[in-house]
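Input: a single structure, listed below in structure tokens.
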Amino acid sequence: MISRSLLTGISRTLPYLLASSSSRLSILIYHRVLETHDPLRPFEPTVDEFSVQMETLARYFTPLSLDKSLLLMAQGELPERAVCVTFDDGYSDNLNAALPILQHWKIPATVFVSSGYIDRNSMWNDRVIESVRQWVEKGNTQLDLSLLGLGAHNCTNTDDCLVTIERLLEKIKYCSSGERSALVEGIERKVNVSVGSLMMSRKELQALYLSGVTIGAHTHTHPILSGLSEEDSHFEIATSKRILESWLQAPVDYFAYPNGRFDKDYGLLQQDQVKALGFKAALSTNPGVASEASNIWQLPRFTPWDKQSWRYMLRLMLSRRCLA
Ligand SMILES: [Zn+2]
């Protein structure tokens, strides 16, 4: 229930929020759209929630493709309440769950794909999450990974599992790729699980592209680029562009940095590499709203997390006012 005072507040602030927000572009970032709520992935929207969010964008905002919005932004001609929808990584639910909703509301989208996971395995973070899930489903309440140097963890309830997952992901995320593979394989051996692929096949990726979705590059194996040598970083960025272009037989013009925080996950070296490789622009996960003054090699992104339409709309409008 919304209280009367809150409704009054909303009705007073709405004209202010809706007015004069042109010349700014909200670029939204999603990863997955789930068939049903998953307690171990609490921030991923379900099909129903995503549908409400896209309806809100279609009714109250101006959804544009990345190409068109960046062109209009450069010309200083962005329409009122311009938004772009993007997805990172290349999950098959982008095609199976998100695309029909995007098509229904005529919302263009861009999907940034890590080429090394297409037609193959799941990403390392998903393998950790699924390992914890399957370990608990077997009736376990403790996960002792001390032999791997990852400590012992509680898994007695959903909250414990979420804390365990977060701690494991944080510990493994900034390891070298060799160490990371060894740790994830060690966890899978310990819990004796097998994780099916959550990512698109090459055929699914081609179908997504042919449906009109823009495909961008997101490295080959999704490393933290700032931890790599100059040569390895170049290889990761260049390989994803080259492979995706050969599969799609089309240029891949946009890049999204994995994890995406400037100075932590990528730096000026990667920005220069992306520029030199012939991309048109690159996207970060630095929170913010883009404008004509933005650095197009580090465009900010932001997504309201609210499940209710009015909250989603308000947070998106506020972000356009409050984020640089
Ligand atoms: Zn990613």
Side-chain angles (χ1 to χ4, degrees), residues 27-34 38 40-45 50 66 84-95 97-98 109-130 165-166 168-177 180-181 184 195 197-200 204-205 208 213-228 232-233 235-241 243-244 252-267 270-271 273-274 279 281-288 297-303 305:
I27 308 176
L28 309 185
I29 173 172
Y30 287 93
H31 290 85
R32 304 194 56 190
V33 175
L34 306 175
D38 180 350
L40 296 190
R41 299 175 189 271
F43 299 111
E44 303 290 5
F50 185 71
L66 203 48
C84 272
V85 173
T86 71
F87 292 81
D88 278 9
D89 299 339
Y91 288 96
S92 55
D93 59 39
N94 293 179
L95 175 74
T110 300
V111 175
F112 292 97
V113 176
S114 285
S115 47
Y117 295 101
I118 297 298
D119 269 342
R120 288 193 198 158
N121 208 334
S122 288
M123 293 178 62
W124 70 268
N125 52 311
D126 290 317
R127 291 164 63 194
V128 171
I129 294 170
E130 295 312 314
I165 287 167
E166 194 180 331
L168 291 174
L169 295 183
E170 279 307 308
K171 280 187 176 178
I172 298 171
K173 187 181 286 180
Y174 291 97
C175 293
S176 70
S177 71
R180 194 165 57 225
S181 296
V184 175
V195 178
S197 180
L198 298 170
M199 315 313 284
M200 280 184 281
E204 287 176 318
L205 178 67
L208 192 67
V213 168
T214 303
I215 304 298
H218 194 44
T219 71
H220 190 54
T221 65
H222 206 277
I224 303 296
L225 289 169
S226 58
L228 301 185
D232 288 348
S233 172
F235 172 84
E236 282 285 341
I237 302 168
T239 302
S240 64
K241 188 177 198 307
I243 289 181
L244 292 171
V252 168
D253 292 329
Y254 300 104
F255 179 78
Y257 302 98
N259 233 45
R261 294 293 185 122
F262 179 67
D263 242 8
K264 192 174 182 197
D265 305 314
Y266 72 95
Q270 284 74 34
Q271 175 180 295
Q273 289 176 330
V274 170
F279 288 97
L283 283 68
S284 68
T285 61
N286 302 316
W297 304 106
Q298 296 192 43
L299 290 165
R301 289 190 284 179
F302 171 81
T303 299
W305 51 88

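Just follow the structure's listing: the first ligand is 1, and inside any ligand the first atom is 1. For reference, positions follow the sequence shown, starting with 1. None of the values given here were measured: they were computed from a predicted structure.
Using a cut-off of 2.8 Å, one finds that D89 contributes an N/O/S atom close to the Zn ion (ligand 1). Distance check for H31 against the Zn ion (ligand 1): none of its N/O/S atoms falls below 2.8 Å.
Using a 3.5 Å distance cut-off with no hydrogens or angles, the side chains of S122 and E130 do not pair a donor with an acceptor.
The atom name of the N/O/S atom in H218 closest to the Zn ion (ligand 1) is NE2.
Here K173 does not pair with D265 in a salt bridge; the nearest charged N to carboxylate O distance is not below 4.0 Å.
The aromatic rings of F50 and Y30 sit perpendicular, their planes meeting at an angle over 60°, well past the 30° parallel limit.
With F255 as the aromatic partner, K241 does not meet the cation-pi criteria of under 6.0 angstrom to the ring centre and within 45 degrees of the ring axis.
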